[in-house]
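Everything on this sheet refers to the single structure shown next.
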Amino acid sequence: MAVALVSLETKDFDTFVEYFCITCKNKNTKTEAKAYCKKCDSCFCDQCVNLHSQLFQHHITNGPKEMEKWPVAMATQEFLEICEVHKEETLKLFCEDHSQVCCNTCILLSHRQCSKVTLIADTTLSATDHQQLSANINTILDQLMKLQTNWESNMKSLQVSYEERLKEVRNLRERINDTLDKLEKTTLKELDEVKASWNASFNFDVDACSRLRTKLTCLNDALQETGKKNAELAFIAYQKSTELFKQVEKYLNNNFVQTEVSLKLISYNDIEAYLSNLFVLGQTINVQKEPNIQESPDEAISVAMTSLASVKIPSDHTNCDIRGICSLSNGQILVTDNQNKRLKLLDLLYKVVSDCDMSGTPWNICLITPCHVAVTVDSCIQFFSVNSGQLVKGRRLQLPHPCRGVSHHQEDLYVTSRTALYKYTLTGTLVNMMYEDTSGVDAVWNCEVSPSGDRIYVTNYNRSMLLTLARDGTVISNFTDTELKNPRGVHLTPAGQVLVCGQSSNTVIQVDREGKKKIATLATQKDGLQSPHTVFYNRKSGSVIIGQYNDENIRVFNIK
């Protein structure tokens with residue numbers, strides 16, 4: 001394989017590859033190669049190829065337009081031949097049993113029992129296969145580029161909407177500040193007016209006391225002075241003093257009780273109480289356009305068992321009971337552990353990275369925004385956010401009934417109470433009771449709303465039934481099956497595929513969109529299922545996750 005003397009520079013390997021002149025490289029200079037000589041097995045730049053042609057007149061060189069005659073670049077060979085598992089070894093063998101290229105260590109560790117292992121050098125690849133694979137790769141590359149463009153467009157759209165919402169929050173804060181400033185100004189004006197009124201009254205009384213004291217003192221002095229000198233003036237002084245004395249005595253009697261006057265503000269505590277009960281100025285939600293999903297909601301899902309992932313942590317006091325599962329936009333998983341009364345955050349490898357004790361027993365969970373969720377806890381809805389990889393408790397909605405199932409769609413919460421399905425706003429305002437069944441204590445256990453919002457699926461544990469409701473709550477269909485005994489969890493994929501857990505039948509099945517027939521059985525007791533309570537489709541990993549009663553493991557199934 002003529003590659004040893006070919007130099008290669010990679011700048012973002014999946015974008016482009018350039019050959020460099022071997023002669024210049026030996027002089028520690030990188031010059032792009034413009035020709036290749038097969039006899040010399042070397043690449044040359046424009047200057048060096050001229051010298052080469054003078055020295056070796058009979059050597060034939062191939063230019064850039066004849067790249068098919070150039071050898072495979074050294075870096076390309078290394079990129080392809082190095083084993084991805086055992087980096088120090090090269091791929092030499094091909095296992096036909098697993099359709100997998102292997103190094104010697106791979107064969108020893110994983111393919112000893114395989115019957116068809118051949119040397120790669122002895123294999124052949126037809127031109128048709130090569131062309132077909134190349135065409136398939138180009139098709140996938142186009143799809144990936146479109147998807148990447150869509151994600152980048154989403155990021156730009158998100159940034160624009162973020163800046164707009166940021167302005168809204170700041171404008172709202174300014175309006176609130178303006179309102180509070182006006183209230184403060186009016187209150188201070190009233191305070192000043194009350195104070196001025198009392199000051200005027202006090203000043204009047206102070207002046208009255210001063211005038212009476214001055215006049216009475218003067219009359220008393222005149223009375224003393226005229227008593228022995230002038231009988232007529234003494235009489236006048238006596239009469240005036242007697243009259244003034246009566247006035248002063250009356251004034252004193254009218255103002256006998258003196259109370260200390262101070263100002264007190266009777267504040268409207270409901271303003272402060274209302275604000276203190278708020279966690280945010282407004283609820284942030286993600287508004288998504290209806291996805292243009294290619295898959296049909298009735299396309300059957302087929303899975304294969306891949307792994308078990310333990311969600312038990314040292315501080316758990318008993319075995320786990322996973323009742324609810326949902327995924328954040330970054331692919332992290334949240335699970336509700338009913339028996340340990342905890343909400344747990346899992347990373348992309350399903351390891352617990354954060355947990356939060358609950359004030360009561362957690363049941364189901366649903367996504368509200370890319371990083372906010374709602375959890376049903378006894379008779380309330382507890383909101384959580386994930387900040388820097390940690391769970392943070394948010395506001396709490398206390399409802400007048402038990403809360404078990406919860407689903408979110410376009411700023412509305414759908415909550416089950418074991419006997420009824422309610423629709424609430426995100427602020428906790430009741431819209432209406434959509435459906436009720438009092439025939440059993442768990443007749444309305446869990447719920448899930450379709451992506452378009454026109455279907456609501458409800459599990460009836462008592463009657464082993466899946467109900468499909470219309471947007472207004474009317475029953476469209478009732479579904480029963482021998483593989484669906486005492487259903488608990490129900491979940492919809494982004495494509496609208498309906499997955500249901502049968503707790504007593506130890507199964508997870510798929511039902512058609514209309515809720516009238518079974519499409520597929522995803523997993524049974526043979527796959528290790530024992531009292532499954534919840535099922536979730538993880539779009540990021542292309543897997544189905546199942547949580548069970550009294551089991552520390554979640555079961556992860558890959559979609560075939």
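- Among pairs with a residue in residues 456-471, those fulfilling salt bridge (charged side-chain N to carboxylate O under 4.0 Å, His left out) read D437-R463, at least two apart in sequence or across chains.
- Every residue was checked against the side chain to side chain donor-acceptor pair (under 3.5 Å) condition with K423, not counting sequence neighbours, and none meets it.
- Applying the side chain to side chain donor-acceptor pair (under 3.5 Å) test to Q510 and every residue at least two apart in sequence or in another chain returns nothing.
- When the side chain to side chain donor-acceptor pair (under 3.5 Å) test is applied to S541, the partners found at least two apart in sequence or on another chain are Y350, N538, S543.
- By the side chain to side chain contact (heavy atoms under 4.5 Å, CB included) test, A304 is found to be paired with K560, residues two or more places apart in sequence or in another chain being considered.
- Every residue two or more places apart in sequence or in another chain that forms a salt bridge (charged side-chain N to carboxylate O under 4.0 Å, His left out) with E483 is listed here: K518.
- In terms of the salt bridge (charged side-chain N to carboxylate O under 4.0 Å, His left out) criterion, residue partners of D454 (sequence neighbours excluded) are, by chain and number, R513.
- Within the structure, no pair that satisfies the salt bridge (charged side-chain N to carboxylate O under 4.0 Å, His left out) test touches residues 171-190, not counting sequence neighbours.
- A side chain to side chain donor-acceptor pair (under 3.5 Å) check over residues 133-153, counting only residues at least two apart or in different chains, returns the pairs Q132-N136, Q148-E152.
- A search for side chain to side chain donor-acceptor pair (under 3.5 Å) contacts involving R555 returns nothing, not counting sequence neighbours.
- Applying the side chain to side chain contact (heavy atoms under 4.5 Å, CB included) rule to T105 yields the partners H86, E89, C103, L109; only residues at least two apart in sequence or on another chain are considered.
- With sequence neighbours excluded, no residue forms a salt bridge (charged side-chain N to carboxylate O under 4.0 Å, His left out) with D97.
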